[in-house]
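Here's the structure we're looking at; comments come further down.
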Protein chains: 2
Amino acid sequence: MAVAGQEMDQKQAVMEKPQAAPRPGGRAARIQAAVFKAVDELKQAGEELTVPGIAARAGVTPSTIYRRWGTLTDLLSDVAVRQLRPDGEPRDSGDWRADLKGWLEQYAEEMASDPGRAMMRDVLSSDRPENACTCAVYTGRQLDIIRERALARGETPPDTRTIMDRVVAPVIYRILFTHEGADGDYAAGLVEGLLGEGAPQPPACWQELSPHSLGG
Amino acid sequence: MAVAGQEMDQKQAVMEKPQAAPRPGGRAARIQAAVFKAVDELKQAGEELTVPGIAARAGVTPSTIYRRWGTLTDLLSDVAVRQLRPDGEPRDSGDWRADLKGWLEQYAEEMASDPGRAMMRDVLSSDRPENACTCAVYTGRQLDIIRERALARGETPPDTRTIMDRVVAPVIYRILFTHEGADGDYAAGLVEGLLGEGAPQPPACWQELSPHSLGG
DNA sequence: CTCTAAAAGCAAATATTTTGCTTTAGTGGG
DNA sequence: CCCACTAAAGCAAAATATTTGCTTTTAGAG
């Protein structure tokens, strides 16, 4: 029983448990795919999304899910990041401002939609900071693309961090915290304001506090 | 049994079920307080926060909690908003930039702390948009105070919406999505950049995608 | 081909959530 | 002040979900 102690230690030192992608191509991957698909389908169907339900649909036993993901929340978080991955590059219109406006408008619309909100919530609800971070990385990459093209054309776009701060962050904040959409005008206004002054639309939600549960 | 139909209808038309504060001052309020206190205490103690556990500590039956709040998530959301209520006014230093920097630095630190993150997560995880909205309102009010004072002194601060977009949103986005803190320099940089150009610190988190669950 | 270890299946044990019914506590009318 | 009424709490049984110990399968290494 105590045969290969040192070798074990070496192995453990090297291994870095990559959460949910152990032996790529094998059974693990198949099951992961089945589970993700099951979640997608149940979401589509408007079903209730319970672990037993997902397991049944995936043809898998619940304990498999519990052991791999821990909680429903974490599973949904993983599913959401996957769905948030951008499917293509931002359109190239020959001008970075236009590119950015176009991209942002679509991005804002997606994120403000009910499924978009749900995905963000799922990502943020789990205790997996990597997932939230991945979302930001995806966004940053899209912006980088717009930016690289601009630089190649000799334009001088602000750096990605600035765009995140000035344009992405306000849109997301608005969606998450004010329950307002972030419509085209608002988005365009943010882009206009990117360099120098800019104060577009007024807010709305913060007129009245819900008395709700604030009593004490 | 069908005696007072019309009167019933009138009553129902007037009532607007205010989620969790029904007959103020009575039993309902006492129980709400007991439950909130129980949650606080268990959080303090680092306990696990289950509905049965909270119910036990509050001296209440679990079904009471389930019927009033629906889910643990919603209860925690309510608790979190209460804790996020600001305890005082921002300091008055005689200059709005300084006020804002001071306030923001403290705000960012609070929100970036583990309890702060947990509270934001709790608020955003529930399907109670009012709660998230309330957070934004609280923040807006603090900013309004700084701003009103500035106006009274004859200064010309940007409007609250702009401050939210340019200063609050980036800080929160950073905390939620990049798992970085938002330190004093970063915050100060945002305030400096409020009018005109400004591009402080570099990011960090978005160097590498976690391979985790992005396989397919 | 065999051996090993990680991961899946299975089923029993726990824990949680939901639900129907009963009891209690505020509220308004007499 | 007492009574009737209603909303909410308590209780306990039923339904669900989660955890856990053990067995079986499977992919990969020798």
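Within every chain, numbering begins at 1; the chains are lettered A, B, ... in the order of the sequence lines, protein sequences first and strands thereafter.
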Round to a whole Å and report the spacing from [atom1] of [X] to [atom2] of [N].
X: A:L76; N: D:dA17; atom1: CG; atom2: C1'; value: 15 Å
X: B:Q32; N: D:dA7; atom1: CD; atom2: C1'; value: 15 Å
X: A:E47; N: D:dA17; atom1: CD; atom2: P; value: 12 Å
X: B:R27; N: C:dA25; atom1: CZ; atom2: P; value: 7 Å
X: A:I65; N: C:dA8; atom1: CD1; atom2: P; value: 10 Å
X: A:E48; N: D:dA15; atom1: CD; atom2: P; value: 17 Å
X: B:I31; N: D:dA9; atom1: CD1; atom2: C1'; value: 6 Å

Respond yes when some side-chain nitrogen or oxygen of [X] is under 4.0 Å from OP1 or OP2 of [N], and no when none is.
X: B:R30; N: C:dG26; result: yes
X: A:R68; N: C:dA7; result: no
X: B:Y66; N: C:dT17; result: yes

- Task: Decide yes or no on side chain to side chain donor-acceptor pair (under 3.5 Å) for A:T162 and A:D159, but give the supporting numbers first.
- Result: CA-CA 5 Å; A:T162 303; A:D159 64 26; 2.8 Å; yes

- Task: Measure the CD1-CE distance between B:I172 and B:M111 for me, rounded to the nearest 0.5 Å.
- Result: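 Result: 5.0 Å between the selected atoms.
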
- Task: For A:L72, report the nucleic acid contact type (base, sugar-phosphate, nothing); a contact means any heavy atom under 4.0 Å.
- Result: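 The residue A:L72 makes no contact with any strand.
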
- Residues touching DNA chain D, which here means a heavy atom under 4.0 Å, drawn from residues 49-63 of chain A: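 Listed by number, they are A:T50, A:V51, A:P52, A:S63.
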
- Task: Determine whether more than 12 heavy atoms belonging to other residues, nucleotides or ligands lie under 6.0 Å from atom CD of A:Q106.
- Result: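 Counting other residues, nucleotides and ligands, CD of A:Q106 stays at 12 neighbours or fewer.
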
- Message: Tell me if the NZ atom of B:K43 is crowded by more than 12 foreign heavy atoms within 6.0 Å.
- Response: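 Result for NZ/B:K43: enclosed.
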
- Ignoring hydrogens and angles, are the base of C:dG20 and the side chain of B:R67 linked by a donor-acceptor pair under 3.5 Å?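 Flag set: donor-acceptor pair detected.
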
- Task: Return the nearest nucleotide to the side chain of B:T64; candidates are D:dG10, C:dG26, D:dT26.
- Result: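 The listed nucleotide nearest to B:T64's side chain is D:dG10.
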
- With the threshold set at 4.0 Å, does a side-chain nitrogen-carboxylate oxygen contact exist between A:R82 and A:D78?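 A:D78 and A:R82: not salt-bridged.
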
